[in-house]
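Worksheet: one structure, shown below.
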Amino acid sequence: MRKITLFASFLLIALTLGCQTEQPEKRAFDLQGHRGARGLMPENSVTGFIKAVDLGVTTLEMDVVVTADSLILLSHEPWFHHEISTGPDGLEITEENEMEHNIFDMTYEQTLEYDVGLKEHPRFPGQEKLEAQKPLLRTLIDTIEAYTDSMGLEPLQYNIETKSNPEYYGEYVPQPSVFARLLNDLLLELDEEHGMLDRIIIQSFDPQILIEFRKLSPEVDQAMLIAYDQSMEDVISILGYTPEIWSPNYRLVDREMIENARKNGMAVIPWTVNRVDEMKQLLDIGVDGIITDYPDSAVVLLADQ
């Protein structure tokens, strides 16, 4: 009887450990500052990202394009958008002429002649106005790594959106293979300096650039951005692999989507969630993070959870 009891005890322990081993590790909630903290500071600016760090985000979300001299520049559009930009010598940029200010045709030095922080933003009236230029990705990461180290903060993640679109290939952005190579080469250099490749996420609405980047750095996490209702299985089939993150417009998110993502081994991190009631609703149904222009509001909400 004693032998049977001991065997049963060992079996129970083994089964318990086995169950614990098979359970996937739960992700920590990921608060991402959209373009830094766009509701509070000029978007994709160094000062805006530092503000987001001070507010307590876990990830800095940003957009990148390519200059004529093949440098990776932070910008939501591959041109100077009329809502935020003033041209050289105070030149007015309008909705009609903004695409003529094509970053892919400019050297980095030429982009510095534009201001993207002083113009009153029509959709973000509370945004602090200050002089700003579009920074290089290298400058931003070097600055943030030095800042978090000096402040004794945990290293942050960087969610880098490649602003790629088939309609832009060759005119406003490089071909996906070239874009992916330029970005990957830079990130490998930065990884040697800061040890941060495991803190990078590459995201895009364009599957082709994600495919090209995965060929170069398969170990880097990817997020598939989703703007409208799409079959998860169809998108995975197009990619040929399953990305680590499903990142839809927040209005598309429901419990069924989250369950389907879990079955496919993906986290769900929606964009761009700015109202506190909508943040709370998404938290209640189990998203793994949110991307927001107002990380200050999200931090207060998360503290109450």
Side-chain angles (χ1 to χ4, degrees), residues 22-27 29-30 32 34-35 59 61-66 76-78 157-184 187 198 200-274 278-279 281-292:
E22 291 174 2
Q23 291 178 353
E25 183 180 350
K26 183 175 175 57
R27 280 177 175 261
F29 191 84
D30 190 6
Q32 300 197 14
H34 186 234
R35 308 187 203 177
T59 298
E61 191 272 354
M62 64 201 65
D63 313 277
V64 296
V65 299
V66 178
H76 186 258
E77 294 81 22
Q157 296 185 112
Y158 300 91
N159 186 5
I160 302 169
E161 180 181 347
T162 53
K163 302 306 295 188
S164 179
N165 182 319
E167 296 178 3
Y168 299 164
Y169 295 170
E171 183 177 3
Y172 293 102
V173 297
Q175 294 293 325
S177 59
V178 176
F179 199 156
R181 177 179 54 77
L182 289 171
L183 178 57
N184 186 67
L187 292 176
D198 61 346
I200 294 293
I201 302 166
I202 301 298
Q203 67 174 4
S204 186
F205 289 101
D206 182 1
Q208 193 57 47
I209 196 164
L210 294 179
I211 291 168
E212 293 296 332
F213 194 90
R214 179 130 298 192
K215 293 176 186 176
L216 300 171
S217 286
E219 71 278 17
V220 173
D221 283 356
Q222 291 189 357
M224 185 71 227
L225 289 167
I226 301 296
Y228 56 90
D229 193 18
Q230 292 178 269
S231 162
M232 202 172 283
E233 288 68 27
D234 286 350
V235 173
I236 291 172
S237 177
I238 290 169
L239 289 170
Y241 57 88
T242 303
E244 288 70 30
I245 300 166
W246 187 257
S247 190
N249 183 312
Y250 76 93
R251 295 182 179 89
L252 300 174
V253 179
D254 56 23
R255 292 185 188 278
E256 182 179 356
M257 174 187 284
I258 293 173
E259 291 173 4
N260 196 16
R262 296 278 190 277
K263 289 176 185 175
N264 283 286
M266 294 185 292
V268 177
I269 302 178
W271 54 272
T272 302
V273 195
N274 287 339
E278 292 168 335
M279 293 178 190
Q281 182 181 1
L282 290 164
L283 286 171
D284 290 343
I285 64 173
V287 296
D288 298 281
I290 60 169
I291 301 172
T292 178

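In what follows, residues are counted from 1 in the order of the sequence shown. Being a predicted model, the structure only gives us computed values, none of them experimental.
Formation of a donor-acceptor pair under 3.5 Å by the Asp206 side chain with backbone atoms of Gln208 is found in this model. Proximity of a side-chain donor or acceptor of Asp288 to a complementary backbone N or O of Val268 within less than 3.5 Å is detected. Counting only distance, with no hydrogens or angles, the side chain of Ser204 and the backbone of Leu210 share no donor-acceptor pair below 3.5 Å. A donor-acceptor pair under 3.5 Å is formed between the side chain of Ser231 and the backbone N or O of Asp234.
Here the side chains of Glu233 and Asn264 are in contact, with some heavy-atom distance below 4.5 Å. Side-chain contact between Arg251 and Glu278 is absent, with no heavy atoms from C-beta onward closer than 4.5 Å. A 4.5 Å side-chain heavy-atom check between Leu283 and Phe29 finds at least one atom pair inside the cut-off. Between Ile269 and Val287, every side-chain heavy-atom pair lies at or beyond the 4.5 Å cut-off. Considering only heavy atoms from C-beta on, Phe205 comes within 4.5 Å of Glu161 through its side chain. At a threshold of 4.5 Å between non-hydrogen side-chain atoms, the residues Arg35 and Thr272 do not count as touching. A 4.5 Å side-chain heavy-atom check between Glu212 and Phe179 finds every atom pair outside the cut-off. A 4.5 Å side-chain heavy-atom check between Val253 and Ile258 finds at least one atom pair inside the cut-off.
The heavy-atom pair separating Met279 from Thr292 by the smallest distance is CE-OG1, 3.5 Å. Between Pro270 and Leu282, the shortest heavy-atom distance links the atoms CG-CD1, 4.1 Å. Of all the heavy atoms in Tyr169 and Ser164, the pair that sits closest is CE2-OG, 3.4 Å. Summarising the geometry of Gln203 relative to Ser247, their closest heavy-atom pair is OE1-OG, 4.2 Å, with the distance given to 0.1 Å. Residues Met266 and Ile236 approach most closely at CE-CD1, 4.1 Å, considering heavy atoms. Nearest heavy atom pair, residue Phe213 against residue Ile202, reads CE2-CG1, 3.6 Å.
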Any chance you could lay out the side chain to side chain contact (heavy atoms under 4.5 Å, CB included) test for Ile211 and Leu239, step after step, and finish with the verdict?
CA-CA 6 Å; Ile211 291 168; Leu239 289 170; 4.0 Å; yes
Do Thr59 and Tyr158 pass the side chain to side chain contact (heavy atoms under 4.5 Å, CB included) test, and can you show the C-alpha distance, the side-chain angles, and the key distance before you say yes or no?
CA-CA 6 Å; Thr59 298; Tyr158 300 91; 6.0 Å; no
Determine, step by step, whether Met257 and Met232 satisfy the side chain to side chain contact (heavy atoms under 4.5 Å, CB included) criterion, reporting the C-alpha distance in whole Å, the side-chain angles of both residues, the deciding distance to 0.1 Å, and the verdict.
CA-CA 9 Å; Met257 174 187 284; Met232 202 172 283; 4.1 Å; yes
Would you sort out whether Ile201 and Gln32 count as a side chain to side chain contact (heavy atoms under 4.5 Å, CB included), showing the intermediate values?
CA-CA 11 Å; Ile201 302 166; Gln32 300 197 14; 4.3 Å; yes
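Within a 6.0 Å radius of CD in Gln281, no more than 12 heavy atoms belonging to other residues, nucleotides or ligands are found. Annotation for Glu256: atom CD does not count as buried by contact number, only 12 or fewer foreign heavy atoms lying within 6.0 Å.
Looking at Glu244 and Arg214, a side-chain N of the basic residue comes within less than 4.0 Å of a carboxylate O on the acidic one, giving a salt bridge. Between Glu259 and Arg262 there is no salt bridge, since no side-chain N of the basic residue sits under 4.0 Å from a carboxylate O of the acidic one.
In this structure, Leu252 CG and Trp271 CH2 are separated by 8.0 Å, a value rounded to the nearest 0.5 Å. Atom CG of Leu225 is separated from atom CD1 of Ile291 by 6.5 Å, given to the nearest 0.5 angstrom. Here CD of Gln222 is found 9.0 Å from OG1 of Thr162. Values are rounded to the nearest 0.5 Å.
Considering Val66, Ile209, Val65 as possible partners of Pro174, the one that fulfils the side chain to side chain contact (heavy atoms under 4.5 Å, CB included) test is Val66.
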